[in-house]
S.K.: 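The structure's right below; bear with me while I get my questions together.
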Amino acid sequence: VPVVESGGDLVQAGGSLRLSCIVSGLKFGDYDMGWFRQAPGKGREGVSCIGFGSTVKLYGDSVKGRFTISRDDARNTLYLQMNSLKPEDTAKYYCTAVQDCGDAVTNMRQHWIADWGQGTQVTVSP
């Protein structure tokens with residue numbers, strides 16, 4: 001399942017970015033979708049999740065109130081609006097279909113049908 005993330009960039013602290021992710025090869029609207037990130041030397045962590053039909057939206061504690069997840073099922077596209085960026089948000093960001101948003105982003109697991117894309121790099125300078 002091809003996944004293409006985009007929108008990453010180098011920004012100063014306090015700035016904003018909007019990430020996009022186009023997914024093909026599956027019926028996008030039927031799946032819960034998640035954003036993950038991986039900083040250098042660290043494991044991949046869940047950032048945000050949105051249920052099919054946008055019925056559920058979850059955020060990690062570190063991004064709550066600053067990031068907003070959304071989806072456009074007609075365009076097979078997932079978004080992540082990131083505001084008030086901090087240096088600790090620096091990471092490569094990935095999107096993927098997940099098994100279930102569940103009740104916390106820490107419990108997100110990639111759906112068996114999904115693949116990882118190349119990711120998009122977000123770098124926030126102090």
Side-chain angles (χ1 to χ4, degrees):
V1 177
V3 175
V4 180
E5 301 97 342
S6 63
D9 205 344
L10 170 64
V11 296
Q12 289 188 329
S16 297
L17 285 173
R18 189 193 196 202
L19 305 185
S20 299
C21 168
I22 298 175
V23 182
S24 55
L26 55 73
K27 194 173 181 183
F28 181 81
D30 286 353
Y31 292 86
D32 291 4
M33 295 295 300
W35 284 100
F36 293 77
R37 67 185 181 187
Q38 187 167 17
K42 295 187 177 181
R44 195 168 289 175
E45 66 170 349
V47 175
S48 184
C49 191
I50 185 167
F52 65 88
S54 301
T55 51
V56 172
K57 295 183 182 181
L58 300 178
Y59 300 93
D61 288 342
S62 62
V63 307
K64 204 171 292 183
R66 300 187 297 121
F67 290 10
T68 302
I69 192 170
S70 61
R71 63 192 298 162
D72 184 340
D73 291 346
R75 291 181 168 80
N76 280 21
T77 303
L78 182 71
Y79 301 101
L80 187 67
Q81 177 67 42
M82 305 188 297
N83 299 329
S84 303
L85 282 161
K86 303 176 181 180
E88 49 264 43
D89 294 318
T90 294
K92 184 164 278 191
Y93 285 71
Y94 303 85
C95 85
T96 191
V98 298
Q99 295 175 4
D100 190 338
C101 283
D103 57 2
V105 297
T106 51
N107 296 328
M108 286 198 299
R109 296 293 180 269
Q110 186 181 38
H111 197 286
W112 64 268
I113 200 173
D115 295 315
W116 293 109
Q118 295 298 310
T120 186
Q121 180 66 40
V122 173
T123 304
V124 185
S125 62

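For the numbers below, each heavy atom of this structure counts, side chains included, while hydrogens, waters and symmetry mates do not. A quick note: this is a predicted structure, and the numbers were derived from the prediction, not measured.
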S.K.: With a 6.0 Å cut-off (strictly less than), is the heavy-atom count around CD of Q12, excluding the residue itself, greater than 12?
M.R.: no
S.K.: Got a second to check how far D100's CG is from H111's NE2, nearest 0.5 Å?
M.R.: 9.5 Å
S.K.: Does Y31 share a hydrophobic cluster with I50, counting links as ILVMFWY side-chain heavy atoms below 4.5 Å and allowing steps through other members?
M.R.: yes
S.K.: Decide whether L58 and V63 are clustered together by the hydrophobic rule: side chain heavy atoms of Ile, Leu, Val, Met, Phe, Trp, Tyr closer than 4.5 Å, transitively.
M.R.: no
S.K.: Same hydrophobic cluster for I22 and V98, using side-chain heavy-atom links shorter than 4.5 Å among ILVMFWY?
M.R.: no
S.K.: Decide yes or no on side chain to side chain donor-acceptor pair (under 3.5 Å) for S62 and R37, but give the supporting numbers first.
M.R.: CA-CA 12 Å; S62 62; R37 67 185 181 187; 3.3 Å; yes
S.K.: For V3 and C21, work out which heavy atoms get closest and say how close.
M.R.: CG1-SG, 3.5 Å
S.K.: Indicate the atoms forming the closest heavy-atom contact of L78 with C95, along with that distance.
M.R.: CD2-CB, 3.8 Å
S.K.: Identify the heavy atoms of P126 and A13 that sit nearest to each other, and give their distance.
M.R.: C-CB, 4.2 Å
S.K.: If you compare all heavy atoms of C49 against all heavy atoms of M108, which two are closest, and at what distance to 0.1 Å?
M.R.: CB-SD, 3.3 Å
S.K.: Minimum heavy-atom separation for C101 to D32, with atom names?
M.R.: N-OD2, 2.9 Å
S.K.: Do M33 and I69 share a hydrophobic cluster (ILVMFWY, side-chain heavy atoms under 4.5 Å, transitive)?
M.R.: yes
S.K.: With heavy-atom distances below 4.5 Å as the criterion, would you say the side chains of M82 and V122 are in contact?
M.R.: yes
S.K.: Quick one: closest heavy-atom pair of G29 and F52, and the distance?
M.R.: O-CB, 3.2 Å
S.K.: So, taking the atom named CZ in R109 and the one named OG1 in T106, what distance separates them when rounded to the nearest 0.5 Å?
M.R.: 8.0 Å
S.K.: Should V23 and Y93 be counted in the same cluster of Ile, Leu, Val, Met, Phe, Trp and Tyr side chains packed under 4.5 Å apart?
M.R.: yes
S.K.: Could you tell me whether the side chain of L80 reaches within less than 4.5 Å of the side chain of S48, counting heavy atoms only?
M.R.: yes
S.K.: Among residues at least two apart in sequence or on other chains, which ones pass side-chain contact (heavy atoms from CB on, under 4.5 Å) with D72?
M.R.: A74, R75, Y79
S.K.: Write out all pairs satisfying side chain to side chain donor-acceptor pair (under 3.5 Å) with one or both partners inside residues 112-126, taking only residues at least two apart or from two chains.
M.R.: Q110-W116, Q121-T123
S.K.: Please list, chain by chain and in numerical order, all residues satisfying side-chain contact (heavy atoms from CB on, under 4.5 Å) with Q38, sequence neighbours excluded.
M.R.: R44, Y94
S.K.: Holding to side-chain contact (heavy atoms from CB on, under 4.5 Å), I want the full list of residues that pass it with V11, two or more places apart in sequence or in another chain.
M.R.: L17, L85, V124
S.K.: If you apply the rule side-chain contact (heavy atoms from CB on, under 4.5 Å), what do you find for V105 with Y59, and how did you get there?
M.R.: CA-CA 6 Å; V105 297; Y59 300 93; 5.6 Å; no
S.K.: Not counting sequence neighbours, list each pair that qualifies as a salt bridge (Lys or Arg N to Asp or Glu O under 4.0 Å) and has a residue in residues 61-71.
M.R.: D61-K64, R66-D89, R71-D73
S.K.: Apply side-chain contact (heavy atoms from CB on, under 4.5 Å) to S16 and list each qualifying residue two or more places apart in sequence or on a separate chain.
M.R.: Q81, N83
